[in-house]
Amino acid sequence: MAVESVNYQCPACGGPLHFSESKGLMVCDYCESSFEVAQIEAHYAAKQSKADASAVAAAERAASGEMSAFEAMGATDGVAVALTEDVLNAAAATSGHASEGDEAIASFLSRASWNEGERDGLRSMTCSSCGAEITCDATTAVSECPYCGNPAVTPGAFVDMARPDGVVPFKLDKDAAVAALNDYYKGKRFLPKKFIAANKVEHIQGVYVPFWLYDGSVEGSGTFECRNERTYRSGDEEVTRTTVYEAYRAGDLDFERVPVDGSAKMPDGHMDAIEPYDFDEMKPFSVAYLPGYVAERYDEDSKVCSNRAEERMRHSFEHDLRATITGYDYVDTGIVHSTTQMTGCMQALLPVWMLHTTWEGNDYLFAMNGQTGRFVGDLPVAKFKVAAWFFGIFVALAAVLFGLDMGVFQFDDTLASVFVDGVIPAVVAAFVCIVFYNQMKTAEVASDAQAYRSFEGLNLTGESEHFVREYETRRRIEKSDD
């Protein structure tokens, strides 16, 4: 038999329970009774422990070879697989004809092997409420029974190393996610008019996503080229005097709980862009927070994900090191040497609302931070609107500058006139369009960890600056008829 799920139901009436974002309590969907998370956890502790132990034992027996091929196929996936009566009868009926009996069994084994391949990466369990079989992928730790609607916790999903250290509960509900999506459409100048009316939310789901949270420190030093420029007129020439300095900085910077999602199916851009979370509201992990949502189990371990965390820490260290250099017109990053030391790592489940919409056959995915409400996602772009905005700004600004050129500037230099009347309007129009376009594409992979620096900030351990050289550049100025 398949291992039974643990369904967290109301102790009063047996109805499905879910964690209420507003109340901070477990609430029954039917009788509206409410319970502390600790109450529900204690109420189901024995059942959850028994189910976890059963699932782990079955997996261990399958791995050690103590179970037959058919038993292992059933136990490890939670699916009972056995030779059906019709196959056994067929084999018995043809016992006098070995080749026919072998063909019947071989046919079944072939089908069983095909089914096993189909189940690769999946697991099944029996709903403890209605007895239905529930199938989900191997990383889904909490799902919902499609037959009775009860939340089902997969046995053995959160044991040993897979058990998170903490969980940040949802604070915002589904209605807040839908409202955030509608607000997100506002002010998007490149959004097709028909998109808002024609697209529809195909699916919305609250998901507890597994994250690795890293503590670490970066230590290093760097040299930076700094320049001051002074421009003045000398006769019929414009002279620019540039003074170059070299600045040296050394220091160290600590980071706390830099998050990296541990789920391969979750897009990194969406998960990074909805940061940060307030980890002061993190609770010790309890399965009781999860019913009513989908919960994922990590499939990328802490060693794999640590590379992204280290890279983000390094970039923030370099940024802060450079920021200590002031008083110059330009500062260019030269060579920065740094070493990163990871000092701690924990696993946590963080709340995310995932929304999926479709329009004109295309899929659009959005994500909202279930704690703070930060909303991100990529929207379709109306190309004709991009062109209209570009040419509209270009023509309007070119007309204004041309008028000023004729009445105020009166450039005799053709190149200067072309620059003012043509290049400047084009650059401004392109800049505005880029700003509007970036509003449509907000799911970006994070490159730094600025939000997770320690309160003390950068500890500067060394600094120096010295003069390097000075040089001039000259440009002849055309004299006017005046």
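Side-chain atoms of Asp320 do not come within 3.5 Å of backbone N or O of Leu458 as any donor-acceptor pair. For the pair Trp353 (side chain) and Phe366 (backbone), a donor-acceptor distance under 3.5 Å is absent. Proximity of a side-chain donor or acceptor of Ser306 to a complementary backbone N or O of Lys303 within less than 3.5 Å is detected. The main-chain N or O of Phe255 is never found under 3.5 Å from a side-chain atom of Tyr214 such that the two would form a donor-acceptor pair. Listed for the Gln9 side chain is a donor-acceptor partner under 3.5 Å among the backbone atoms of Gly14. Remark: the backbone N or O of Gly377 is not paired with any side-chain donor or acceptor of His270 at under 3.5 angstrom. Under a 3.5 Å cut-off, the side chain of Arg374 and the backbone N or O of Met368 do not form any donor-acceptor pair. Formation of a donor-acceptor pair under 3.5 Å by the Lys385 side chain with backbone atoms of Leu191 is found in this model. Between the Arg453 side chain and the Gln450 main chain, a donor and an acceptor come within less than 3.5 Å of each other. One N or O on the side chain of His315 and one on the backbone of Ser447 form a donor-acceptor pair closer than 3.5 Å.
At least one side-chain heavy atom of Pro267 sits under 4.5 Å from a side-chain heavy atom of Leu365. At a threshold of 4.5 Å between non-hydrogen side-chain atoms, the residues Asp254 and Glu456 do not count as touching. Between Val381 and Val386, the closest side-chain pair of non-hydrogen atoms falls below 4.5 Å. Side chains of Trp389 and Arg189 form a contact here, defined as non-hydrogen atoms less than 4.5 Å apart. Using a 4.5 Å heavy-atom cutoff, the side chains of Val178 and Ile204 are in contact. Residues Ser20 and Ser34 have side chains not in contact (no heavy-atom distance under 4.5 Å, counting atoms from C-beta outward). Residues Pro210 and Glu296 form a side-chain contact, since some pair of their non-hydrogen atoms from C-beta on lies under 4.5 Å apart. A heavy-atom distance below 4.5 Å is found between the side chains of Met313 and Met342.
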- [ ] Quick one: do Lys23 and Glu36 satisfy salt bridge (Lys or Arg N to Asp or Glu O under 4.0 Å)? Show the steps, please.
- [x] CA-CA 10 Å; Lys23 296 181 178 180; Glu36 295 286 346; over 6 Å; no
Open item on the list: Checking Met271 against Val352 for the side-chain contact (heavy atoms from CB on, under 4.5 Å) test, could you report, in this order, the C-alpha distance in whole Å, the side-chain angles of both residues, the deciding distance, and whether it holds?
Closed with: CA-CA 8 Å; Met271 296 300 100; Val352 180; 3.9 Å; yes
Open item on the list: As a quick check of understanding, evaluate ring-ring contact (aromatic ring centres under 6.0 Å, His included) for Trp212 and Tyr298, giving each step before the final call.
Closed with: CA-CA 9 Å; Trp212 297 105; Tyr298 75 84; 4.9 Å; yes
TODO: Evaluate the criterion side-chain contact (heavy atoms from CB on, under 4.5 Å) for residue pair His203 and Met354; output intermediate values, then yes/no.
DONE: CA-CA 8 Å; His203 186 66; Met354 302 298 297; over 6 Å; no
- [ ] Go through His356 and Asp363 one step at a time and tell me if the side-chain hydrogen bond (donor to acceptor under 3.5 Å, both in side chains) criterion holds.
- [x] CA-CA 7 Å; His356 171 233; Asp363 297 328; 3.3 Å; yes
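Across all non-hydrogen atoms, the minimal contact from Lys441 to Leu379 is NZ-O, 3.1 Å. Listed here is the closest heavy atom pair of Ala177 and Leu355: O-CD2, 3.8 Å. Shown here for Leu213 and Ala348, the closest heavy-atom pair between the two residues is CD1-CB, 3.9 Å. Listed here is the closest heavy atom pair of Ala443 and Asp378: N-OD1, 3.5 Å. Shown here for Phe317 and Glu219, the closest heavy-atom pair between the two residues is CZ-C, 4.1 Å. Across all their heavy atoms, Val168 and Pro351 have their closest contact at O-CD, 3.1 Å.
Between Phe375 and Tyr184, the ring planes lie tilted relative to each other; the angle falls in the 30° to 60° range. Taking the six-membered ring where the residue is Trp, Tyr293 and Phe170 present parallel rings, their angle staying beneath 30° rather than reaching 60°.
A ring-centre distance under 6.0 Å is found for Phe195 and Tyr364. Remark: aromatic rings of Phe190 and Phe436 are close, center separation under 6.0 Å.
Classification of Glu281 and Lys171 as a salt-bridged pair holds, one side-chain N sitting under 4.0 Å from a carboxylate O. Using a cutoff of 4.0 Å between basic side-chain nitrogens and carboxylate oxygens, Asp299 and Lys265 are not scored as salt-bridged. Checked for salt-bridge contact, Glu360 and Lys194 miss the test: no charged N lies under 4.0 Å from a carboxylate O. A salt bridge links Arg308 to Asp272: one of the charged nitrogens lies within less than 4.0 Å of a carboxylate oxygen.
To the nearest 0.5 angstrom, Leu172 atom CG is 8.0 Å from Asn369 atom CG. Taken to the nearest 0.5 Å, the OG atom of Ser33 stands 11.5 Å off from the CG atom of Leu25. Rounding to the nearest 0.5 Å places CG of Asp278 at 9.5 Å from OG1 of Thr372. Atom CZ of Phe19 and atom OG of Ser286 lie 10.0 Å apart (nearest 0.5 Å). One distance of note links OG of Ser302 with CZ of Phe211; it measures 15.0 Å at 0.5 Å rounding. Atoms CD and OH, from Glu256 and Tyr452 in turn, are 12.0 Å apart once rounded to the nearest 0.5 Å.
Checked by atom type, the side-chain pair Ser338/Arg314 shows no donor-acceptor distance below 3.5 Å.
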